[in-house]
Each structure stands twice: as structure tokens, then as C-alpha cells.
Amino acid sequence: MFYTTDTNLHGLPHDPFKAIVTPRPIGWIGSKGKDGSTNLSPYSFFNAVSDRPKIVMFSSSGRKDTLRNVEETGVFTTSFVGAEILKPMNESSVVVPYGVDEFSIAGLTARTGELVDAPYVGEALAAFECKVTEIHRLKTAAGGFSDSYAVFGEVVGIHIDERVLRDGRFDAALARPMARMGYMDYAEASDTFELLRPAPPSQT
């Protein structure tokens with residue numbers, strides 16, 4: 001099958017776009033407003049985009065509470081979603097008015113960052129503290145604006161629960177990371193294997 005995205009006439013019950021771009025890590029973004037209120041929301045458009053310096057990105061579809069907070073304060077956190085806290089992660093995705101605390105709704109511990117004034121999930125096996133570097137409203141190929149905003153943040157601090165460190169590595173089999181698939185589907189990425197990059201061909 002083939003279809004163009006300007007019409008999106010795929011003939012399927014649900015749009016397959018996000019089901020094809022899988023698995024996607026979950027960006028569980030913690031933020032704080034200028035009024036002191038805290039927010040915790042999961043984003044499925046999230047990833048690491050740079051190693052030197054360490055930068056992560058999440059994209060907000062529309063102007064949501066998290067976007068408002070990071071614009072006001074310039075900082076945020078992202079907490080690792082492991083299998084044991086999948087349920088509270090989902091509970092934190094509930095749509096509530098601005099200022100309602102999703103940490104409390106999900107029964108989670110809000111811990112303030114060491115370097116940034118934003119909360120992260122105390123029960124998470126890892127968390128990043130981030131300072132905003134750029135916020136972009138995404139554009140279309142024709143030059144118009146989309147309804148999505150990409151937020152980039154430099155990771156300035158990293159928390160790791162030492163229970164998931166093994167042989168000097170952050171062990172996915174122990175951490176049991178959860179990934180977002182298409183539709184309402186999730187997957188656990190714990191069955192890992194090592195695949196070495198091929199050696200360059202010899203020059204003779």
C-alpha cells in the first residue's frame with residue numbers, strides 16, 4: 001500500500017505513523033511553574049540527540065503545561081520509566097487543569113534536582129536534570145508552522161540507582177525499560193544482545 005500524508009487516506013482504522021516509528025523511549029518530564037506548582041507528564045516523542053554535550057529532546061503536540069513551565073523556568077527533568085513504575089507513569093498522563101500535581105495523582109515522590117529547580121520521580125531508576133538550550137516551533141515542508149514544539153535540554157546532572165549497575169554498566173535487563181509503541185501499545189526492552197560494529201576493510 002502507499003498513501004500521501006497530505007490527505008492521510010490510508011484506509012486503516014487508525015493512523016499507522018507512530019506504530020511504524022517504534023519503539024520510542026518515554027520522556028517522563030518533570031517541571032515546575034513560576035507559581036511553584038509542579039507537573040509530571042510522559043512524552044512519546046523523546047530521545048537523546050547529542051553526546052558532547054549531552055542533550056535530550058522532547059516534542060509537545062500543542063502548548064501543554066510542561067511547555068509553559070520550561071519556557072518560564074528554563075529547566076526540566078526526565079525520569080527513566082522502568083516496568084515497575086509503568087502504572088504510575090500512565091496515571092500521570094491524565095489531563096488535568098494547570099497546577100494540579102500529577103506526582104500526587106500517581107502516588108509518586110517528587111524530588112527536587114540537585115542543580116535545577118525542577119522535580120524528578122524519586123522511584124525512578126535514573127533521572128536527568130536538564131537546562132533548556134532551545135525551543136522550536138516545528139515547521140512544515142512548505143514553510144508553515146505545525147502545532148508541535150521541540151524542546152532541547154542539556155543534561156547537567158544524572159541520577160542512577162546503583163541496583164541497576166552491573167559490571168560497570170547501566171544494565172537494561174535489570175532496569176527493564178519501557179518503550180512506547182503505536183496506538184496504546186507498550187513494550188519492555190529487557191531481552192538484549194550485543195552486536196559489535198564491523199571492522200573497517202583493510203587497505204591494501
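- Closest non-hydrogen pair, A110 versus P119, comes out as CB-CB, 4.1 Å.
- A 4.5 Å side-chain heavy-atom check between M89 and Y186 finds at least one atom pair inside the cut-off.
- Listed here is the closest heavy atom pair of A173 and R166: CB-NH2, 4.1 Å.
- Salt bridge K18/D15: absent, no basic N to carboxylate O contact under 4.0 Å.
- Judged purely by atom type and a 3.5 angstrom limit, T22 has no side-chain atom pairing as donor or acceptor with the backbone of G182.
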**OP:** Just do the salt bridge (Lys or Arg N to Asp or Glu O under 4.0 Å) check on D167 and R169 with the steps written out, would you?
**Re:** CA-CA 6 Å; D167 299 328; R169 295 185 177 187; over 6 Å; no
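- Screening residues 119-145 for salt bridge (Lys or Arg N to Asp or Glu O under 4.0 Å) gives no qualifying pairs among residues at least two apart or on separate chains.
- Between H159 and Y120, the distance from one ring center to the other falls under 6.0 angstrom.
- Between L108 and V121, the closest side-chain pair of non-hydrogen atoms falls below 4.5 Å.
- Closest of all the heavy-atom pairs between L67 and S60 is CB-OG, 4.4 Å.
- We find the CZ-CG distance between R176 and L174 to be 10.5 Å, quoted to the nearest 0.5 Å.
- Under 4.0 Å is where a charged nitrogen must lie from a carboxylate oxygen, and between E72 and K34 no such pair does.
- Put simply, V116 and F76 are part of two different groups of oily side chains (I, L, V, M, F, W, Y) that touch within less than 4.5 Å, one to the next.
- For the pair E91 and I105, the tightest heavy-atom approach, listed with the atom from each and the gap, is O-CG2, 4.0 Å.
- You'll find the side chain of H136 reaches within 4.5 Å of the side chain of F152, heavy atoms only.
- The two residues I55 and E154 have their closest heavy-atom pair at CG1-CA, 4.1 Å.
- At a threshold of 4.5 Å between non-hydrogen side-chain atoms, the residues L125 and I160 do not count as touching.
- Pairing each heavy atom of V132 with each of V75, the nearest pair is CG2-N, 3.9 Å.
- By the 4.5 Å heavy-atom criterion applied to side chains, S41 and I29 are not counted as neighbours.
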**OP:** Step by step, work out the side chain to side chain contact (heavy atoms under 4.5 Å, CB included) result for V164 and D171.
**Re:** CA-CA 6 Å; V164 293; D171 194 304; 5.5 Å; no
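- Looking at Y149 and T66, their side chains never come closer than 4.5 Å, going by heavy atoms from C-beta outward.
- Contact of the C130 side chain with the V56 side chain is registered, since non-hydrogen atoms from C-beta on lie closer than 4.5 Å.
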Let me have the donor-acceptor pairs involving side chains of residues 93-103, under 3.5 Å, with sequence neighbours excluded, atom names and distances please.
unit_1	atom_1	unit_2	atom_2	d
S93	OG	N90	O	2.5
Y98	OH	N69	OD1	2.7
D101	OD1	T38	OG1	3.1
D101	OD1	F103	N	3.0
D101	OD2	S104	OG	3.0
E102	OE1	N39	ND2	3.3
E102	OE1	L40	N	3.2
E102	OE2	N39	ND2	3.1

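- Residues E71 and I135 meet the side-chain proximity criterion, which asks for heavy atoms closer than 4.5 Å.
- Note that the CG atom of N8 and the OH atom of Y3 stand 5.5 Å from one another [nearest 0.5 Å].
- A donor-acceptor pair is defined here as one N or O able to donate and one able to accept, closer than 3.5 Å; no such pair exists between the side chain of S148 and the backbone of L138.
- Put simply, CG on D117 and OG1 on T112 are 6.0 Å apart, with the number rounded to the nearest 0.5 Å.
- In this structure a side-chain-to-backbone donor-acceptor pair under 3.5 Å is present from S50 to P53.
- The backbone N or O of V21 lies less than 3.5 Å from a partner atom in the side chain of R24, making a donor-acceptor pair.
- For the pair R197 (side chain) and P200 (backbone), a donor-acceptor distance under 3.5 Å is absent.
- With sequence neighbours excluded, no residue forms a side chain to side chain donor-acceptor pair (under 3.5 Å) with T73.
- Partner of F58 under the ring pair (Phe, Tyr, Trp, His ring centres under 6.0 Å) criterion, out of Y43, F46, F45: Y43 alone.
- Ring-plane geometry between F80 and F170 is classed as perpendicular, the angle between the planes exceeding 60 degrees on a 0 to 90 degree scale with a lower cut at 30.
- A donor-acceptor pair is defined here as one N or O able to donate and one able to accept, closer than 3.5 Å; no such pair exists between the side chain of D51 and the backbone of K54.
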